[in-house]
Number of protein chains: 2
Amino acid sequence: MRGGTSKCWIFDARDLPPGADRPGGRLDEVLASAFGARDPRQIDGVGGATSTTSKAAIVHPSIEDGVDVDYLFAQVGIGTPGVEWGSNCGNCATAVGLYALLNGLAVPTGPRSTVVLRNRNTGVRLSATVPTPGGTVPELGTATVPGSLAIGVPVGLGFRNPAGASTGALLPTGAGTELLGGVPVTLVDAGAPAVLADAAALGATALENPEEFAAHVPALAALRRAAALRMGLATEADPVSHAVPKAGVVAAPGDYITTLGETVRMADYDVAVRMVSMHAPHPVIGLTSAVAVASAVLTPGTIPAKLAGNRPSATVVRLGTPAGVVAAEAETDASGTVRLVTLHRAARRIATAHLLVPALLQESV
Amino acid sequence: MRGGTSKCWIFDARDLPPGADRPGGRLDEVLASAFGARDPRQIDGVGGATSTTSKAAIVHPSIEDGVDVDYLFAQVGIGTPGVEWGSNCGNCATAVGLYALLNGLAVPTGPRSTVVLRNRNTGVRLSATVPTPGGTVPELGTATVPGSLAIGVPVGLGFRNPAGASTGALLPTGAGTELLGGVPVTLVDAGAPAVLADAAALGATALENPEEFAAHVPALAALRRAAALRMGLATEADPVSHAVPKAGVVAAPGDYITTLGETVRMADYDVAVRMVSMHAPHPVIGLTSAVAVASAVLTPGTIPAKLAGNRPSATVVRLGTPAGVVAAEAETDASGTVRLVTLHRAARRIATAHLLVPALLQESV
């Protein structure tokens, strides 16, 4: 499936071999083998050898009331047979929502159907709303997302009560702004935990194209580790995660050129953001990161709120990403707590496939 | 399927939609749409966004006596919806041979089965020999190829009478060595037409890793065009092909380090070669290029023959590529004509899939 700007192989948990039902061990081995993860070019498997095309989701019907589908997100290694399970992926979630309808894990309920998803990596609940005219699930639509010219089925991806799924609080340390290795950052947990640095403090502008932004990746990798420790997501004894928390820089809006060559004016958006995905600049922004940045913009005292001009009652937060403007719709309650963030996305089924997995073939010989 | 160091989507011609049965027009549109070719990251399709992972083959039973399977090779565009049909791909041919046996287009004939293939792009005939113990076709074996750690089914790929398929002669201009834009080159047509330049004349060593070799790609692109005109493969009025002829440099052996970090000694091989694939250094060597270089080594008067020490009766020609040594077995007749070149390769089925093609879905709405 394509979900937004990601390509995800989605597995029905019931199709996986015995024992490959949870992170670690056999499931990791099966995914790494199916993707050809050991090879940096992923020539011997279905992986696409980039962070946005080396993704999988394992889906099964939920036993929880009010939830249709549970899914586990897997970031499959590139040049290493490991699998990272520490994060969620919003793009894959849009694909999972459409997949659930196409494959009968959820049933159309009218001209628009909403599938409630639970991400088992982070515990966060999401909703995916898909047009289902006449009770049928479309294979294609005319929706597009920044970063891709491709059309797909429109999917409204909703993050309900997005704050604190990983750490218990929107601001895990209680502070809106703090110093991390001398750099002013906001640590926020909404959609996903994220460290958002003031771009200027790193010598960046948050208006860079991905190629230009590559120079800032090492500094953000260091901030990611320091933030993981500060937010209680890891201890010194844990291995370094390249996925958790999300890491990036933010700045006040300015004019810039997208990777597709279009000009974005400073008046067209609220805050400039450049994120890192694993070891490389993210070509757009991960959706969970978008929820984190939008939630921070709506939270007084954070760096993104200040850069976006302190408008905590905004209903739409427009994020300036390398590929264009990603708009997040936000609903807040009377106390100012963000209750729902919705992103308008596109997804489609690319293929249905039966995978031949070397690790399993070897066992059967 | 993986074939050697390439990933190829193989289509049974009988599964394609009406009208998509030949290069140009509808078939190109279907392939470009299925691969997501318009996007440089091929996010919306099954392509892998590199020259070695954006390949397809269209296969059908042959009506020709002595040939089991005909196939068309397609190099699908990356960032452009075009498809190049001008060349063959030996790696895909190994995959086509195994595919034919796995899918009943050819029948196992004993403990080893040989499938005769005809490449419709170039007219060249190849044979693929696969172990079929007990008349069964394996999904996996223990064979490897330089450039990949992955294991696969051993496939012996034979190029029978490889000379002259595109131009009518092994040496299309009649000369073993000539000057092209002031650069000494050999123009050879065996397996595929190729222009092989003396590395030193371009300031190269043919011992470079792909990253280092990138600097020489523009010079080779210019030589490719000039060679296409000189060999009669194109006229000034034709658009520039980035695939035909194959282009690269050759040098006498020297020690070098492979991309997997292993040392190759000058005594371990006969001639150093660095090829270009489309717009980038080839990470190994295309198999049709390997046949061209090996045939040139066995032909007195060519640059590769001189660099390899003039041994026209050699039965194995060892090519030093960025990923390691590729050995070509050669059989020559009494007149010195190369009758068969065999390369020992590995292939495997990665997945069987039903593709959802946006261009076709749009028509059916």
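Each chain gets a letter, A, B and so on, in the order its sequence line appears, and its residues count up from 1. Computed from heavy atoms alone, side chains included, the values below leave out hydrogens, waters and symmetry copies.
- Take Leu72(B) and apply the side-chain contact (heavy atoms from CB on, under 4.5 Å) test, not counting sequence neighbours, and it matches Pro23(B), Ile58(B), Trp85(B), Arg120(B), Asn121(B).
- Nearest heavy-atom pair, Ala351(B) versus Leu355(A), reported as atom, atom and distance to 0.1 Å: CB-CD2, 3.6 Å.
- Residue Pro283(B) touches chain A through its side chain alone, counting heavy-atom pairs closer than 4.5 Å.
- Using a 4.5 Å cut-off between heavy atoms, Ile151(B) contacts chain A through both its backbone and its side chain.
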Side-chain donor/acceptor pairs under 3.5 Å, residues 34-48 of chain A, sequence neighbours excluded:
from     : atom 1 : to        : atom 2 : distance (Å)
Arg38(A) : NH2    : Leu149(B) : O      : 3.3
Asp39(A) : OD1    : Arg41(A)  : N      : 2.7
Asp39(A) : OD2    : Ile43(A)  : N      : 3.3
Arg41(A) : NH1    : Thr52(B)  : OG1    : 3.3
Gln42(A) : OE1    : Gly48(A)  : N      : 3.0
Gln42(A) : OE1    : Ala49(A)  : N      : 2.7
Gln42(A) : NE2    : Ser54(A)  : OG     : 2.9
Gln42(A) : NE2    : Gly77(A)  : O      : 2.9
Asp44(A) : OD1    : Arg2(B)   : NE     : 2.4
Asp44(A) : OD1    : Arg348(B) : NE     : 3.0
Asp44(A) : OD2    : Arg348(B) : NE     : 3.1

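- Scored by the salt bridge (charged side-chain N to carboxylate O under 4.0 Å, His left out) test, Arg349(B) finds Glu139(B) as partners (sequence neighbours excluded).
- Near-neighbour residues of residues 4-12 of chain B relative to chain A, defined by a heavy atom under 4.5 Å from a heavy atom of that chain, comprise Gly4(B), Thr5(B), Ser6(B), Lys7(B).
- Heavy atoms of Thr53(A) lying under 4.5 Å from chain B belong exclusively to its side chain.
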